[in-house]
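Data first, discussion second: the structure below is written as structure tokens.
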Amino acid sequence: MKNRSWSMGFWSVDIPWLGRQESIKLWFAAFSIAVVNLACCGTLTFGQGLFQQEDIAKQCKQVTQDPDAKWRTIPWQTDLLKAQNMAVESGKPLFVWAMDGHPLGCT
Amino acid sequence: MLDRESTFADPVIIELLKKDFVPVAIDQWYTRRQKDTEGDFWRKIAGQSPRNDFSKTTQGLFIAGADGSLIAFNNNRGAERIGALLKEASQNYQPAAGLQAIERKTVDPRFTAKLPEGGIVVRVSAKVESGYEKSADKWQTIFQNATSRDNLWVTAAEIKELRADRFPPDLARRIARFHFLDNTRGEATVWNNSEIKKSDWQMKDGQIVGAVVLESDDQKRGYDVRLEGMIKFDDAGNILSWQCIAKGEYFGSSTFTLEPPSGKFPLAVSFVLADGDDIADELAPHASRGWLDGYLRPLQ
């Protein structure tokens with residue numbers, strides 16, 4: 001009577017409905033896959049990343065300052081002397097927003 | 001950033017600044033140090049305020065005449081207070097007699113970083129994706145929802161390397177040290193070379209994959225991040241688009257970025273080619289302050 005239970009030797013898995021040769025092949029295939037996986041672990045690969053290419057543009061957009069933010073509608077200058085020249089010409093005073101790190105960028 | 005989302009989002013202030021003032025935004029870290037015409041003019045204005053010790057910060061909001069005479073100084077936020085100052089100044093301002101445009105006679109090269117010829121600007125933005133405890137505090141909420149902004153400078157020689165599907169080591173290190181930062185709550189401390197624990201980059205047909213692990217020497221701050229993206233070129237080798245997204249787990253804070261989420265939290269950093277539409281595109285990278293060579297060649 002054929003043994004219907006599973007048993008596992010060092011080089012083979014005896015699977016009841018397969019012959020011994022097939023069992024060895026199956027075990028070898030599983031072992032090979034494991035080796036390849038171990039070899040790939042920790043290396044960089046293309047096409048297996050966090051995102052699909054088409055998602056990257058969308059992701060970038062989500063991590064971007066609002067281009068329509070209200071503070072952007074103010075006509076900021078970034079050069080103090082140019083602003084002084086404009087103030088002379090226009091007869092207006094200067095408003096200086098001075099920060100540690102650039103107020104329009106940095107953070 | 002708090003000012004951007006509060007004071008300068010106020011419609012009354014926006015209207016006053018547009019109509020009655022010449023608004024200018026400066027990084028006073030540079031300006032108060034500059035030994036040149038612009039620096040002299042700034043020290044003239046700030047020197048009349050409580051910010052008159054130029055070895056320390058001169059940050060704040062200043063209203064000044066075109067001759068450099070100080071009209072008002074304030075270092076507090078609050079749209080009402082700033083709005084009142086602006087209204088009063090605009091009503092009372094009388095330009096001094098004989099005003100003249102100041103000619104730029106000297107430029108201090110130590111504090112005048114210019115994009116290297118043939119280089120490009122890539123906008124860098126960072127955002128904490130989750131992890132904060134909900135806050136009832138208005139200012140804290142602004143911090144928690146903030147997206148930071150900086151510029152990455154890429155040199156002409158590096159563009160040539162990228163065209164050949166080689167990711168330049170200096171560029172890899174520049175990104176890791178100076179742009180993989182949680183600067184969403186303020187100015188973040190850059191990473192030292194010794195704090196880069198892993199930095200693997202590959203390119204193939206314009207696709208970029210990068211994996212970087214950073215950890216501060218005191219082990220109180222770190223970022224384990226993976227970047228993916230694509231650079232596209234035209235036939236002449238010019239960059240047409242640059243879109244990369246980096247995501248990973250960050251932990252800890254630095255001196256000016258206190259109150260991060262507790263433990264590890266997801267931080268995303270995007271890199272997109274600047275098109276010049278944003279005035280911030282013309283700003284030098286934050287980490288290049290007084291140290292452009294070190295920024296461009298962090299390996300040396």
Side-chain angles (χ1 to χ4, degrees), chain A residues 38-107, chain B residues 1 4 8-9 14 17-18 20-29 31 37-38 41-42 57-66 71 89 93 95 99 101-102 104 125 127 147-150 183 186-187 200 202 204 207 209 211 226 228-230 243 245 247 268 270 272 279-280 282-283 286:
Chain A
L38 276 174
C40 290
C41 184
T43 64
L44 292 175
T45 49
F46 292 93
Q48 293 182 352
L50 297 171
F51 323 109
Q52 300 296 318
Q53 274 303 323
E54 57 267 27
D55 287 342
I56 288 175
K58 194 174 152 192
Q59 298 267 354
C60 286
K61 212 167 186 176
Q62 287 171 353
V63 186
T64 303
Q65 287 183 348
D66 178 5
D68 300 320
K70 290 176 185 167
W71 66 271
R72 290 181 186 278
T73 64
I74 298 167
W76 296 106
Q77 301 299 313
T78 58
D79 182 321
L80 185 60
L81 285 188
K82 188 180 167 194
Q84 189 273 345
N85 290 193
M86 291 168 73
V88 170
E89 198 173 315
S90 64
K92 296 176 183 176
L94 292 160
F95 177 82
V96 189
W97 182 15
M99 297 299 286
D100 203 6
H102 205 287
L104 305 182
C106 174
T107 58
Chain B
M1 137 217 336
R4 290 196 296 245
F8 300 119
I14 291 171
L17 288 176
K18 280 181 177 176
D20 296 335
F21 292 85
V22 178
V24 54
I26 59 168
D27 179 353
Q28 58 76 43
W29 186 95
T31 328
T37 318
E38 187 180 31
F41 186 58
W42 174 240
T57 183
T58 54
Q59 69 179 9
L61 305 176
F62 298 75
I63 301 172
I71 297 169
Y93 182 60
L99 265 180
I102 298 173
R104 194 186 311 269
S125 308
K127 186 170 177 57
T147 302
S148 68
R149 169 68 203 272
D150 198 358
N183 52 4
E187 179 189 356
D200 292 338
Q202 286 185 24
K204 183 182 169 189
Q207 283 188 74
V209 180
R226 182 182 169 99
E228 292 187 25
M230 171 71 88
Q243 286 190 319
I245 185 81
K247 292 203 171 195
S270 71
V272 177
I279 192 162
E282 66 189 49
L283 303 177
H286 186 64

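Proteins get letters first, then strands, A, B, ... in listed order; numbering begins at 1 in each.
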Interatomic spacing from [atom1] in [X] to [atom2] in [Y] - rounded to 0.5 Å:
X      : Y      : atom1 : atom2 : answer
B/E228 : A/I56  : CD    : CD1   : 5.5 Å
B/I14  : A/T73  : CD1   : OG1   : 4.0 Å
A/T64  : B/K127 : OG1   : NZ    : 10.5 Å
A/Q65  : B/S270 : CD    : OG    : 9.5 Å

Per-residue contact mode, [X] against chain B (heavy atom under 4.5 angstrom):
X     : result
A/S90 : side chain
A/D66 : neither
A/A83 : both
A/E89 : neither

Most chain A-contacting option - heavy-atom pairs closer than 4.5 Å, from [options]:
options               : value
B/V272, B/I63, B/I102 : B/I102
B/R104, B/E282, B/K18 : B/R104
B/T58, B/T57, B/I279  : B/I279

Handout entry: Evaluation steps, side chain to side chain contact (heavy atoms under 4.5 Å, CB included), between B/Q28 and A/D100
Key = CA-CA 6 Å; B/Q28 58 76 43; A/D100 203 6; 3.5 Å; yes
Looking at chain B, which one of [options] has the largest number of heavy-atom pairs inside 4.5 Å, strictly under?
options                    : answer
A/R72, A/Q77, A/Q62, A/K61 : A/Q77
A/K82, A/Q84, A/K70        : A/Q84
A/A69, A/A87, A/C60, A/P67 : A/C60

Exercise for the section: Using a 4.5 Å cut-off on heavy atoms from C-beta on, say whether the side chain of A/L94 contacts that of B/F41. Expected result: yes
Handout entry: Proximal component of B/P23, with respect to chain A [non-hydrogen, under 4.5 Å]
Key = both
Problem - Polar side-chain atom of A/H102 near backbone of B/A25 as donor-acceptor pair, under 3.5 Å - result: yes
Practice task
Hey, can you tell me if B/F21 and A/F95 have their rings parallel, tilted or perpendicular (30° and 60° cut-offs)?
Solution key: perpendicular
Exercise for the section: Quickly, which of B/L61, B/T31, B/I26 forms a side-chain contact (heavy atoms from CB on, under 4.5 Å) with A/V96? Name it, please. Expected result: B/I26
Fill in the blank from the handout: Of all heavy-atom pairs linking A/G91 and B/Y93, the shortest is O-CE2, 3.3 Å
